[in-house]
Asker: 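Here you go, one structure.
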Protein chains: 2
Amino acid sequence: MTEAPHPQLPDAVLRPVRGHHAFEACVEQLATAIRLGVYPLGSTLPAERELADRLHVSRATLREAMAALRQAGLVETRRGRGGGTVVTLKPRTPSARKAARVSAAVRADWLDVLEYRRITEPGGAYLAALRQRDGDLEEEQRDQLHAALDEVAGADRPAEHRQADSRLHLTIAALTGSPRLVAAVTDVQRVLHEMLLAIPVLDTNIAHSDRQHAAVVRAVLAGKPDRARKAMEEHCDDTAALLRGLVG
Amino acid sequence: MTEAPHPQLPDAVLRPVRGHHAFEACVEQLATAIRLGVYPLGSTLPAERELADRLHVSRATLREAMAALRQAGLVETRRGRGGGTVVTLKPRTPSARKAARVSAAVRADWLDVLEYRRITEPGGAYLAALRQRDGDLEEEQRDQLHAALDEVAGADRPAEHRQADSRLHLTIAALTGSPRLVAAVTDVQRVLHEMLLAIPVLDTNIAHSDRQHAAVVRAVLAGKPDRARKAMEEHCDDTAALLRGLVG
DNA sequence: GAGATTTGGTCTGAACTCAGACCTATACTG
DNA sequence: CAGTATAGGTCTGAGTTCAGACCAAATCTC
């Protein structure tokens, strides 16, 4: 029998088919959406039946996930018409805690995310600018982008700034209309958020970051793909340099 | 109760948590690895216990998947020491069939992949060249890249050329050492393979494609990230232009 | 206030998945 | 040739997930 003549490929290509337990995956997705500010404090989640439908799980499974979120204090639930599940989690301040000891596997994952981000987010900015240039963006989408940028610039407290930052990056990705790209950026932002909570970042230099955000948005709205990509690359590089030093 | 004030984000961020049935996901992954030539005709798959371990499923579930692959004629199995599961699927010739009617959802997915590819594969080439420039690539990895390129250039029959092409792209992605990037490129190549089997591609212009491959590999081995990315972008753009026209 | 509607809460039986022990076939080793 | 190692083949009981029906509470409409 012949062995596979490409020894490096199977190791790279075969991956775990899923993180066991559908309800854990639901908790993960919903908690991520809440932490990243897709559903901010006080907002209502979609009805159970709709969420179950969207996540492709049974309502029973989704309810298990909801119970976990409730127990973890992220949401509260009221029944009856007009009821529903409301976000109660206050955004946490980045770096408010001591540096947790992280395993080698987690550290490797963090470093992977920083490289992956260097590719995906600038790529997203590029595609978004391309769509703008070609007239494929709706007025409403441009407004959303403006609004997201204003929220970042207007957030005074670090915790709100962090969520607004995530939302801006996700909004840019959403402008591309590419489900795969949105998924990639969501994954990146999730891990980034995890890092920022676990690492004591001394000085985030929010003003610098906001100038870069503005530059990216300007380039996107001007329909300049290459400039948008370049601007986002610089933004990612600056963040990465800061974090890489602290992760080791 | 407040509604989520970012109407575009939940729709984009919440996704199905998985394609139900672990065994279907196993079939999908293994069939993809076989079709893309990660396990070429005549090669032996890893033992069941090892595969189950790697895919994070129980052996019972993996065996269901194996049974499906066997029934579909992709593999054959012999028991006993020195036995195992051997690939019997002959690579299929692209575009050997009439154009199948594809649903709107599939067509949208295909177009998404072409955009996503435009981001991920050039990004992978960029990162690989960066690692080469910084001396992070082993001698063995450079050899693998050379070998993969030679196989593409040396493949005479279209079916073998298609597999060698996939392997080259996966090899470049694997050079980056980024699990996320390898996963992204695997996904891209899987859908690309699906497209090429379903669409009657009239003239692939293999010589042109091989020149572009060579340019990418040269740039990677020279440690020139920007040139590698540019070369891969051109390669992706040419493929995409061809396919987009045929998909509509 | 009566009734309709929307929302979360509960239950059931079938199907899927799991971990792990155990059986069987084949080939290598001494 | 006997023993051992390595492979696939089989079984079991417990946990998870499913689809869908039905119940209960809160609100809206008339």
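We name chains A, B, ... by the order of the sequence lines, and we start the count at 1 in each one.
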Asker: With a 4.0 Å cut-off, would you call A/E115 and A/R118 a salt bridge?
Answerer: no

Asker: For the residue pair B/H169 / B/D165, report whether a side-chain donor-acceptor contact shorter than 3.5 Å exists.
Answerer: yes

Asker: In whole angstrom, give the distance that lies between atom CG of B/D53 and atom P of D/dA7.
Answerer: 14 Å

Asker: Atom CG of B/L62 and atom P of D/dG8: how far apart are they, to the nearest Å?
Answerer: 9 Å

Asker: Less than 3.5 Å between a donor and an acceptor, one on the side chain of B/R79 and one on the base of C/dT26, is that the case here?
Answerer: no

Asker: Salt bridge check, A/E28 against A/R190: does any charged N sit closer than 4.0 Å to a carboxylate O?
Answerer: yes

Asker: Work out which heavy atom in A/L137 is nearest to a heavy atom in A/A128; give both atom names and the distance.
Answerer: CD1-O, 4.1 Å

Asker: Separation of A/H21 atom NE2 from D/dA14 atom P, in whole Å?
Answerer: 17 Å

Asker: From the list C/dG8, D/dC18, C/dC18, which nucleotide is the closest neighbour of the side chain of A/V57?
Answerer: D/dC18

Asker: If I take atom CZ in residue A/F23 and atom C1' in nucleotide D/dC18, what distance separates them, rounded to the nearest angstrom?
Answerer: 16 Å

Asker: Checking contacts here: which listed nucleotide (D/dG9, D/dT17, C/dG8) is nearest the side-chain heavy atoms of A/T77?
Answerer: C/dG8

Asker: In whole Å, what is the span from the CZ atom of B/R78 to the C1' atom of D/dG9?
Answerer: 16 Å

Asker: Return the value, rounded to whole Å, for the distance between atom CZ of B/R59 and atom P of D/dG9.
Answerer: 8 Å

Asker: Just how far, in rounded Å, is P of C/dA19 from CG of B/L55?
Answerer: 13 Å

Asker: By nearest atom, which of the nucleotides C/dT17, C/dG8, D/dT17 is closest to the A/R49 side chain?
Answerer: C/dG8

Asker: Is it the case that the side chains of B/E138 and B/Q144 hold a donor-acceptor pair, with the cut-off being a distance below 3.5 Å and no angle test?
Answerer: no

Asker: What's the CD-C1' distance between B/E24 and C/dT17, to the nearest Å?
Answerer: 13 Å

Asker: Considering just the side-chain nitrogens and oxygens of A/R63, establish if one lies under 4.0 Å of OP1 or OP2 belonging to C/dG9.
Answerer: yes

Asker: Determine whether a donor-acceptor pair (one donor, one acceptor, N or O, separation below 3.5 Å) exists between the side chain of B/R81 and the base of D/dG8.
Answerer: no

Asker: Mapping A/G80 and A/E64 to their closest nucleotides on DNA chain D, which lands nearer the 5' end?
Answerer: A/E64

